[in-house]
Structures are given as structure tokens and as C-alpha cells.
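Accompanying notes for the structure given below.
Throughout, numbering of the chain's residues begins at 1 and tracks the sequence.
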Amino acid sequence: MKKAIGLDIGGTKIAAGIVTEQGELLGRVEVKSDPSGREAMFVRVCEAVEQVLNEVSISIDQIEGIGAGVPGKVDRKEGIAIYQNNLPWGNFPIRERLADRFKENRIIIDNDVYMAAFAEWVSQKDLEETFVYITISTGIASSIIHKGDFIRGAGFAGELGLIPVLIGDSNERLEKIAAGPGIRKLAEKELKQDIGSTKDVFDRFLSGAEGYDVIIEQIAEYIAQGIYSISSLIDPHRIVFGGSVIVNNPFLLDLIKNKLKAHQLVDQQHLLNHLYISRLRENNGVVGAGLRVFDDSL
């Protein structure tokens with residue numbers, strides 16, 4: 001059974017997994033990120049690789065390669081992390097450094113959302129469909145696979161969080177008001193009270209606390225506006241949602257569907273029956289990165 005290492009590198013943690021060619025996750029570890037410096041961060045990435053090898057009791061010689069999902073802009077051809085707003089890695093040669101450290105020749109680098117999208121798409125691989133993966137977490141972003149190929153544009157495609165949505169009588173970028181930090185700030189502003197975390201917002205809504213139903217309805221409306229932009233531009237066959245905000249609060253999906261339906265024309269509403277929450281949950285980035293070692297054709 002062929003195996004690869006999948007890495008999901010983020011600003012708060014690094015997840016590493018051993019992934020089979022069939023997409024089975026044999027083991028997974030998490031290591032806290034260290035964004036204090038370039039080398040400090042790379043040391044943590046190496047620790048994650050070493051720990052997951054120990055977790056599954058295999059050596060690097062038994063691995064086919066390493067796939068690494070990195071946030072922000074990456075140069076896939078050269079294997080360079082160009083710009084990440086949450087990592088100290090401007091123009092960091094991540095592929096070369098991993099190759100030197102682990103004596104591994106096959107190392108695949110891509111944006112972390114694209115890695116997660118690949119894992120979600122390959123589970124129901126349909127070469128005729130237009131597929132969209134959307135992550136709603138500390139940020140909001142998407143990746144599009146059309147007839148078996150990523151739509152990358154000039155290198156910045158899929159930044160759904162940058163789309164302006166209507167809030168009151170003005171516009172605001174979707175990510176600023178509907179990603180995790182934005183939800184907490186919105187609730188604090190509207191309810192005029194300190195709120196510890198985004199999780200507290202959803203917990204208080206579910207417990208019936210006064211005023212939180214309005215906040216959640218607003219969030220669903222903002223996300224629906226963003227999805228409507230995608231629906232109108234590319235009319236996808238299927239959308240899968242990942243990221244902690246929606247994976248941990250799946251009731252959001254029905255609220256979003258209701259809001260989206262109000263915006264759509266009848267001929268666009270086929271999409272309402274093909275909106276799903278990720279079954280891989282927090283593992284899709286690791287699984288996708290590992291699978292790309294075996295299939296980097298997209």
C-alpha cells in the first residue's frame with residue numbers, strides 16, 4: 001500500500017497525516033505553529049513530519065512523497081511560499097527545504113484551500129461537473145474545479161472572501177463580516193457586549209440568548225450573497241463547505257439555503273439540492289495534500 005505525507009500548514013497549527021493512495025488517513029498529528037520567524041516556523045513543520053512518522057511507526061523511506069498545503073499565494077512550479085499574511089514566509093523555498101531535510105524528491109506544494117478542494121472533489125470525482133469548495137473559518141476562500149481542472153486565473157482565483165456584500169446601506173468584504181473573527185466582532189457591535197469567541201456566539205444562539213438569532217440570520221444572509229455571486233457567475237453543479245465555522249455549526253447550511261433561494265432565479269435553484277458540508281471535516285487539507293502526491297495532474 002503506497003503512502004504519502006500530507007501537510008496542512010496554518011498560522012496557528014500544522015496538521016500532518018499519513019495518507020494512502022486511496023485517501024485513507026492512517027494517522028494524524030497536530031503541532032502548534034511558531035510564526036515568530038522563518039526558521040522557527042520551518043522547524044515546527046519538520047517536527048510535524050517526524051511526529052506523524054512516529055505515530056504510524058514508519059520511516060521516511062516508506063513514503064512516496066510529501067504534499068504541503070500553504071495559505072496565501074504560492075509558486076507551485078518553483079515550490080515557493082510567496083506571501084502569507086499569517087506566516088513569516090515571504091518567498092520561502094518550502095519545497096527545497098523539505099527536500100533537503102527529508103531527502104525526499106517528490107514534494108508537491110499548493111494553496112491549502114486547493115488541497116482541501118481536491119480531497120472533497122476526488123471522493124465523488126466527476127469530470128463533467130463544475131465543483132466548488134468553500135471554506136468558512138478564520139477566513140473565507142474557495143476553489144473551483146471545472147471538468148477536472150482547477151480554475152486558477154492569474155493565480156488569485158477563488159478569493160470569495162474579498163467579494164463585497166450588502167450590509168445595511170453600504171458594502172463590506174464578505175470575509176470581514178462572516179468569517180470567524182468577523183462574526184464575533186459583528187455580534188459585539190450589534191449587541192454592545194464583550195464576547196469571548198466566535199464559538200460563544202453560536203453557543204448563545206443555540207441556548208436561545210436574546211438577540212443572537214438576528215446575528216445568525218445576518219451572517220447567513222451575507223454568506224448567501226457571496227454564494228449567489230458564484231451561482232450567477234459559474235452556475236456550479238455542486239458546492240461543498242468546510243472550515244470550522246460551518247462544520248461545527250451545520251444548521252447554518254439550511255439558513256444559507258433559505259437566504260440563497262430568495263436571491264436566485266428558478267433556473268438557478270438546482271444548486272440548493274447540491275450544497276453539502278464536508279464529510280472529511282478538519283482532515284480535508286491533510287488528505288488532499290497527501291493525495292496530490294499520487295495525482296498532481298490538476
Side-chain angles (χ1 to χ4, degrees), residues 1-84 86-119 122 135 137 242 244 280-296:
M1 180 168 50
K2 293 182 178 179
K3 298 177 281 292
I5 294 174
L7 292 172
D8 188 4
I9 301 171
T12 57
K13 69 178 185 299
I14 303 149
I18 303 296
V19 182
T20 70
E21 197 171 12
Q22 290 72 39
E24 183 182 1
L25 186 61
L26 300 181
R28 182 183 190 275
V29 301
E30 286 188 7
V31 171
K32 188 177 179 180
S33 297
D34 183 352
S36 64
R38 290 162 65 91
E39 292 305 317
M41 185 66 199
F42 182 67
V43 167
R44 292 297 171 85
V45 172
C46 294
E47 289 175 359
V49 172
E50 292 162 351
Q51 286 187 22
V52 80
L53 288 170
N54 290 333
E55 172 80 12
V56 184
S57 300
I58 61 175
S59 70
I60 194 72
D61 295 336
Q62 296 172 273
I63 291 297
E64 301 294 320
I66 299 173
V70 181
K73 191 171 184 178
V74 299
D75 184 334
R76 294 182 301 117
K77 185 177 180 181
E78 300 298 329
I80 295 173
I82 295 176
Y83 171 76
Q84 292 72 42
N86 56 353
L87 296 177
W89 271 2
N91 292 313
F92 188 76
I94 178 69
R95 185 169 66 196
E96 178 183 342
R97 294 297 303 276
L98 285 172
D100 288 345
R101 173 64 180 79
F102 295 103
K103 310 304 178 190
E104 179 59 61
N105 292 325
R106 183 158 179 75
I107 297 178
I108 307 298
I109 306 296
D110 206 341
N111 173 274
D112 56 349
V113 179
Y114 282 64
M115 291 297 199
F118 183 74
V122 80
T135 179
S137 186
S244 58
L280 293 170
R281 298 174 63 89
E282 72 275 13
N283 293 324
N284 56 12
V286 167
V287 172
L291 285 173
R292 288 283 296 280
V293 171
F294 303 109
D295 181 2
D296 191 36

So ring-ring contact (aromatic ring centres under 6.0 Å, His included) across residues 45-77, not counting sequence neighbours, yields none
Shortest non-hydrogen contact from [X] toward [Y]:
X	Y	answer
Ser137	Ser244	OG-OG, 3.3 Å
Ala289	Gly6	CB-CA, 3.9 Å
Ile82	Gln84	N-NE2, 3.7 Å
Ile80	Pro93	CG1-CA, 4.2 Å
Gly290	Ala4	O-CB, 3.6 Å

Between Ile18 and the options Leu25, Leu53, Val29, the side-chain contact (heavy atoms from CB on, under 4.5 Å) test singles out Leu53
Those residues at least two apart in sequence (or on a different chain) that pass side chain to side chain contact (heavy atoms under 4.5 Å, CB included) with Val43 are Glu47
Which donor-acceptor pairs under 3.5 Å do the side chains of residues 55-74 make with protein atoms, sequence neighbours left out?
from  : atom 1 : to    : atom 2 : distance (Å)
Ser59 : OG     : Asp61 : N      : 3.4
Gln62 : OE1    : Ser59 : N      : 2.9

Out of curiosity, [X] [atom1] to [Y] [atom2], how far, rounded to the nearest 0.5 Å?
X	Y	atom1	atom2	result
Leu291	Ile108	CG	CD1	12.0 Å
Asn284	Met115	CG	CE	12.0 Å
Phe294	Gln22	CZ	CD	8.0 Å
Asn105	Arg95	CG	CZ	11.0 Å
Glu39	Arg44	CD	CZ	13.5 Å
Arg292	Ile109	CZ	CD1	10.0 Å

Carboxylate-amine/guanidinium contact Glu30 Arg28, below 4.0 Å: yes
Notebook entry, point to check: Is the backbone of Val293 close enough, under 3.5 Å, to the side chain of Arg106 for a donor and an acceptor to pair up by distance?
Noted result: yes
Worksheet item: So, does Trp89 use its side chain to make a donor-acceptor pair with the main chain of Arg38 at under 3.5 Å?
Response: yes
**Request:** Show your working on side-chain contact (heavy atoms from CB on, under 4.5 Å) between Leu7 and Val52 and close with a plain yes or no.
**Result:** CA-CA 10 Å; Leu7 292 172; Val52 80; over 6 Å; no
Does the side chain of Thr12 pick up a donor-acceptor pair with the side chain of Ser33 at under 3.5 Å?
no
side-chain contact (heavy atoms from CB on, under 4.5 Å) between Val286 and Val19, intermediate numbers included
CA-CA 8 Å; Val286 167; Val19 182; 4.3 Å; yes
Should Leu98 and Val45 count as side-chain neighbours, where that means a heavy-atom distance under 4.5 Å? yes
